Structures are given as C-alpha cells and as structure tokens.
Amino acid sequence: MKEELAICDTCANENCFIKKHLHLEQMKQYVSKKHSFVCKKSQPFIIEGAPLQGLYFICKGKAKTVKTGINGREQIVRLTTNGDTIGFRGFGTSKRYLIGAYALEDTILCNFSNETMMDILKNVPEFTYALMLFYADELNKSENNIRKIAHMNVRERVIDLLLYIHKKFGQNNNGLIEIELSRKEIADFAGTTEEQAIRILSSLKKEDLIKTVGKRIGLLSPSKLQSEIMEHKYF
DNA sequence: GCATTAATTGGTC
DNA sequence: GACCAATTAATGC
C-alpha cells in the first residue's frame, strides 16, 4: 500500500518538476525508481547536517525548511506544498543537507535518490535546464529575503509573511488561510520571538486587519496590509 | 481526566 | 525588542 501513495501518471501536481517532464520517454524509467512515503505532522524528514539522500518532492501536504542558528533559534527559510521540491541546495556541491525539513501536516513525499537524480540531470537536458531556471528564481527570492530582513521591521515582516501565505496557500470560504502555523513558526519565519509575533497579531486583530480562529488566520483587508509594506516592494 | 504543550499577557532589562 | 514569569487555553494520552 505504501508504494501506491503517489503515482506520477495520475498525480495532479502540474507544477511538479517530474510531472512536467513526464511526457519524455526517458523519464519513465526514473520515475519507477522513486520512493514515496508519508511523513507525519511535525516530524522531520530531512535532518540538518545529515548526508544527502536525494531530492524530495511534495505529493500532497505542507512542509517547512529551516536553518538552525546559534542558540537553538530556527529560521524558517521556505514553506512548501504540493508539487514543490525540497533538498536541492548543496546538490552536487555538498555531501550533507544544509537545511532541515519538517512536515506541517501529514504529508506524502516522493524521494529520488542521489544516483537517480544524477542520471536524470545527465540524460534529460530539458529537466536540467528547467532546474537551472528554478535555481535562478530561488536565488532571486533568497536575495529578496535578505533585503526584507535587513530593511523591514518586525511588524512589516509579519505582514509580509501573512501576505505570502495568503497568496501561496489561499483563503478558504470562511476567509481563513489554508495553512496552520504555530505562533512560534510565525516568529521563526519573521525572525523574531514568539511573544513579539503574538503581540503583532493581536494589534493587527484590534485594527480589524486580520481575524484568527485557533491557529488559522484570515486577512480582512489584504490591500491595506499590502499598502503598509508597499515601500519595500521596489523591484 | 490528567499532564504536557501552546498561547497570551505583563513586566524587566 | 529579547528574555523571563505567570496564567490560561488547547491538546495529547
């Protein structure tokens, strides 16, 4: 039953790198070599500093990737969901993972071994080219994040996060964003402490800009929030 | 139902 | 804006 979890042929993730190139005849042999499994909520599937074990793709679910700082403080680097890929950094250049990854909910993952990935990269130029474009895009995002952390204050970074998850995960018909992050995780993303994140959420709530139901957050006025961080969006 | 964990608030540096 | 303490809410077992 485990291997039945994720079949690329019937997968709905059109944005997945594998799925996008599945029409190529050569890809079929590699796809059959992948290994898929379930990672339970809040469990890690990549340990920071552990030896590389290939590339992971999210078939269904959500995950965070983190970097651990000096005093045990974590920085959330990226949030990922269906079709996204994880563990691509350090590929070829490093023997160990430079990030850790945790499931934010029960998540079905697909794993391609180092050897399989190497074969694909060497033999399927379309795939390699697409991955290069992806890297370039990720680098750009990473540079934007540096700027954000340098120039934005905490309130602005929290607002930025809210708009980001709003855009990435969407809002359901109750007006709540389709992801559950703990206050700690919000803080880890915004590069601050849990208390500070809570205070900012509280004031945003008082200002009628957001609403909260348990861990879920809803944006009442995305445009107002957007305008508050507008000055940082020059690009 | 109890026990551990998360969220919140207030205060100090 | 971080760190600590106290209280309350939520969640796991």
Side-chain angles (χ1 to χ4, degrees), chain A residues 2 5 37-48 58 60-81 86 99-109 142-222 224-233:
Chain A
K2 51 181 160 49
L5 288 171
F37 62 100
V38 173
C39 184
K40 294 293 241 177
K41 180 176 181 177
S42 76
Q43 293 297 312
F45 55 93
I46 295 179
I47 313 286
E48 203 171 340
I58 297 185
K60 189 169 187 309
K62 297 179 181 66
K64 62 173 177 180
T65 58
V66 304
K67 255 188 186 302
T68 309
I70 23 173
N71 30 22
R73 280 183 60 171
E74 289 189 338
Q75 173 71 47
I76 295 185
V77 179
R78 213 156 72 97
L79 293 172
T80 46
T81 185
I86 304 169
I99 46 91
Y102 296 79
L104 293 171
E105 58 188 56
D106 291 359
T107 296
I108 304 172
L109 293 161
S142 168
E143 287 167 350
N144 280 336
N145 278 334
I146 293 173
R147 193 191 61 206
K148 279 175 191 167
I149 288 177
H151 295 322
M152 287 175 137
N153 61 33
V154 180
R155 180 182 160 107
E156 290 168 333
R157 294 203 297 268
V158 171
I159 290 175
D160 189 64
L161 160 70
L162 293 175
L163 289 167
Y164 170 69
I165 59 176
H166 178 253
K167 182 176 161 212
K168 172 136 189 163
F169 299 97
Q171 212 153 257
N172 65 19
N173 35 24
N174 294 324
L176 297 171
I177 297 171
E178 283 286 346
I179 187 175
E180 282 193 6
L181 292 173
S182 71
R183 302 294 135 113
K184 172 80 165 46
E185 284 163 338
I186 291 172
D188 286 344
F189 199 102
T192 182
T193 57
E194 187 176 6
E195 296 94 326
Q196 189 77 5
I198 287 170
R199 284 180 223 278
I200 288 161
L201 289 178
S202 299
S203 31
L204 289 175
K205 203 155 47 167
K206 279 206 190 89
E207 295 167 43
D208 287 323
L209 293 170
I210 65 167
K211 63 173 176 179
T212 61
V213 181
K215 281 182 181 176
R216 292 297 183 99
I217 299 172
L219 305 190
L220 298 175
S221 176
K224 276 189 186 171
L225 292 168
Q226 185 71 61
S227 63
E228 187 163 335
I229 59 167
M230 206 45 125
E231 53 183 305
H232 296 283
K233 291 280 178 188

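The shown structure was predicted, so the numbers you read here are calculated from the model rather than taken from an experiment. Chain A is the first sequence line, chain B the second, and so forth, proteins listed ahead of strands; every chain is numbered from 1. Side chains included, hydrogens not; waters and symmetry mates left out as well; all remaining heavy atoms used.
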Can you measure A:I198 atom CD1 to C:dA9 atom P for me and round it to whole angstrom units?
14 Å

Between C1' of C:dA9 and CG of A:L201, the distance in whole Å
16 Å

Would you mind reading off the distance between A:D188 atom CG and C:dA2 atom C1', rounded to a whole angstrom?
14 Å

Select one nucleotide: of C:dA2, B:dG10, B:dA7, the one nearest the side-chain heavy atoms of A:E194.
B:dA7

Classify the side-chain pair A:T81/A:K168 by whether it contains a donor and acceptor separated by less than 3.5 Å.
no

Interatomic distance where CD belongs to A:Q196 and P belongs to B:dT9 [whole Å]
14 Å

d(CZ, A:R216; P, B:dA7) in whole Å:
14 Å

Counting just side-chain N and O atoms, does A:R199 come under 4.0 Å of either OP1 or OP2 of B:dT9?
no

Just the rounded figure in Å: distance from P of C:dG1 to CZ of A:R73.
12 Å

Please evaluate the base of C:dC4 for a donor-acceptor partner in the side chain of A:E195 within a cut-off of under 3.5 Å?
yes

Salt bridge between A:K184 and A:E194, side-chain N to carboxylate O under 4.0 Å?
no

When you compare the side chain of A:E185 with that of A:I76, does any pair of heavy atoms fall below 4.5 Å?
yes

Which nucleotide, B:dA7, C:dA2, B:dG10, lies nearest any side-chain atom of A:T192?
C:dA2

Side chain of A:T193 only, please: which of C:dA2, B:dA7, C:dA5 is the nearest?
C:dA2

To the nearest Å, give me how far apart NZ (A:K184) and P (B:dT5) are.
14 Å

For A:S202 and B:dT9, is the shortest distance between a side-chain N/O and OP1 or OP2 below 4.0 Å?
yes

About how many Å separate CG of A:L201 and CG of A:L162, when rounded to the nearest 0.5 Å?
6.5 Å

Report the distance from atom CD1 of A:I217 to atom P of B:dA7, rounded to the nearest whole Å.
10 Å

Would you mind checking if A:E228 and A:R155 are paired as a salt bridge, meaning a charged N to carboxylate O distance below 4.0 Å?
yes

